[in-house]
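Below is one structure; the comments refer to it alone.
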Amino acid sequence: MDRLRQRADFLAVANGARTNSAGFVLQGRRRDDDGPIRVGFTVTKKNGTATERNRIRRRLRELVKRVDVISMRPHHDYVLVGRRDALTRDFATMLDDLRSALRRLDRPAPKIPNKARNPNGMTRP
């Protein structure tokens with residue numbers, strides 16, 4: 001597993017699928033190359049002081065180390081966006097949240113029923 005470090009990679013993943021949890025938001029995107037799984041971590045300033053943000057980031061890194069690599073898809077990029085609740089949330093619960101979030105990312109996008117479509121094929125707002 002490699003780390004995401006370039007801003008362009010973070011922005012590309014932000015356009016992919018996402019799922020929410022109490023301690024973090026997980027974003028994921030499939031890449032077209034044959035490279036390894038890459039993971040990035042980010043915590044915004046609204047989540048506290050630098051010490052608190054670093055603690056959140058460290059907890060997220062440890063989650064990724066402990067989750068099964070099998071749960072992550074090859075040729076994918078993932079970004080964990082830390083939330084303030086990651087400071088106080090039980091670590092075992094956060095690990096279960098990450099496993100659940102990875103499963104939810106793998107689900108296909110829901111189909112839009114035909115009733116919600118216009119005759120010209122455009123979806124209604």
Side-chain angles (χ1 to χ4, degrees):
M1 232 180 318
D2 286 346
R3 291 275 307 274
L4 287 177
R5 298 191 189 272
Q6 301 286 325
R7 185 174 194 280
D9 293 332
F10 279 87
L11 292 176
V13 176
N15 291 329
R18 75 180 57 215
T19 182
N20 295 318
S21 174
F24 56 86
V25 175
L26 178 66
Q27 301 171 336
R29 178 183 79 93
R30 178 165 173 67
R31 291 190 328 269
D32 294 330
D33 61 5
D34 291 337
I37 298 168
R38 297 188 304 177
V39 181
F41 305 93
T42 184
V43 182
T44 63
K45 284 189 176 183
K46 71 179 180 181
N47 287 311
T49 64
T51 307
E52 293 167 330
R53 293 192 310 267
N54 288 334
R55 186 175 301 133
I56 292 170
R57 206 171 297 119
R58 279 195 305 268
R59 293 192 82 189
L60 294 177
R61 276 197 306 263
E62 192 61 30
L63 281 175
V64 170
K65 286 180 189 174
R66 293 191 186 193
V67 75
D68 308 324
V69 177
I70 297 167
S71 350
M72 295 182 159
R73 298 279 181 204
H75 318 300
H76 275 68
D77 288 342
Y78 296 99
V79 172
L80 277 96
V81 181
R83 290 185 170 168
R84 181 99 177 141
D85 285 347
L87 281 174
T88 57
R89 195 158 172 83
D90 181 53
F91 192 78
T93 306
M94 284 180 54
L95 194 56
D96 291 338
D97 289 346
L98 180 57
R99 288 185 182 119
S100 172
L102 286 167
R103 280 193 302 275
R104 284 183 299 204
L105 273 186
D106 287 339
R107 288 190 298 197
K111 300 267 183 178
I112 298 174
N114 288 335
K115 290 186 269 182
R117 292 187 177 268
N118 287 340
N120 63 2
M122 302 293 289
T123 58
R124 294 182 191 161

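Source: prediction; values computed, not measured. We use all heavy atoms of the structure for the numbers below, so side chains are in, but hydrogens, waters and symmetry mates are not.
- Under the 4.5 Å side-chain heavy-atom criterion for grouping Ile, Leu, Val, Met, Phe, Trp and Tyr, L95 is not connected to V81 through any hydrophobic cluster.
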Anything under 3.5 Å between a donor and an acceptor, one on a side chain of residues 2-19, the other on a protein residue two or more places apart or in another chain? List them.
residue	atom	partner	partner atom	Å
R18	NH2	A14	O	3.1
T19	OG1	R104	NE	3.1
T19	OG1	R104	NH2	3.3

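- The two residues R84 and I56 make their nearest non-hydrogen contact at CA-CD1, 4.3 Å.
- Remark: R73 engages D106 in a side-chain hydrogen bond (donor to acceptor under 3.5 Å, both in side chains) (not counting sequence neighbours).
- For T88, the side-chain contact (heavy atoms from CB on, under 4.5 Å) test picks out no residue, with sequence neighbours left out.
- Listed by chain and number, the residues in a side-chain hydrogen bond (donor to acceptor under 3.5 Å, both in side chains) with R55 amount to none (sequence neighbours excluded).
- Listed by chain and residue number, V25, R83 satisfy the side-chain contact (heavy atoms from CB on, under 4.5 Å) test with N20 (two or more places apart in sequence, or in another chain).
- Between R29 and V79, every side-chain heavy-atom pair lies at or beyond the 4.5 Å cut-off.
- Every residue two or more places apart in sequence or in another chain that forms a salt bridge (Lys or Arg N to Asp or Glu O under 4.0 Å) with R89 is listed here: D97.
- Nearest heavy-atom pair across G23 and A86 is O-CB, 3.4 Å.
- Partners of R99 under the salt bridge (Lys or Arg N to Asp or Glu O under 4.0 Å) rule, at least two apart in sequence or in another chain, are D96.
- The distance from the CZ atom of R57 to the CG atom of L80 is 12.0 Å, given to the nearest 0.5 Å.
- No donor-acceptor pair closer than 3.5 Å links the side chain of E62 to the backbone N or O of R59.
- The salt bridge (Lys or Arg N to Asp or Glu O under 4.0 Å) test applied to D32 returns no partner, not counting sequence neighbours.
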Please tabulate, one pair per line, all N/O donor-acceptor pairs under 3.5 Å involving side-chain atoms of residues 34-46, not counting sequence neighbours.
residue	atom	partner	partner atom	Å
R38	NE	D77	OD1	2.9
R38	NH2	D77	OD2	2.8
T44	OG1	N47	ND2	3.3

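- Here L105 contributes atom CG and M72 contributes atom CE; the two are 10.0 Å apart, rounded to the nearest 0.5 Å.
- Linking Ile, Leu, Val, Met, Phe, Trp and Tyr residues whenever their side-chain heavy atoms come within less than 4.5 Å places F24 and Y78 in a single cluster.
- Minimum interatomic distance between L102 and V67 (heavy atoms only, all atoms of both residues): CD1-CG2, 4.1 Å.
- Under the side-chain hydrogen bond (donor to acceptor under 3.5 Å, both in side chains) criterion, S100 pairs with no residue, sequence neighbours left out.
- Not counting sequence neighbours, R58 has no partner by the salt bridge (Lys or Arg N to Asp or Glu O under 4.0 Å) test.
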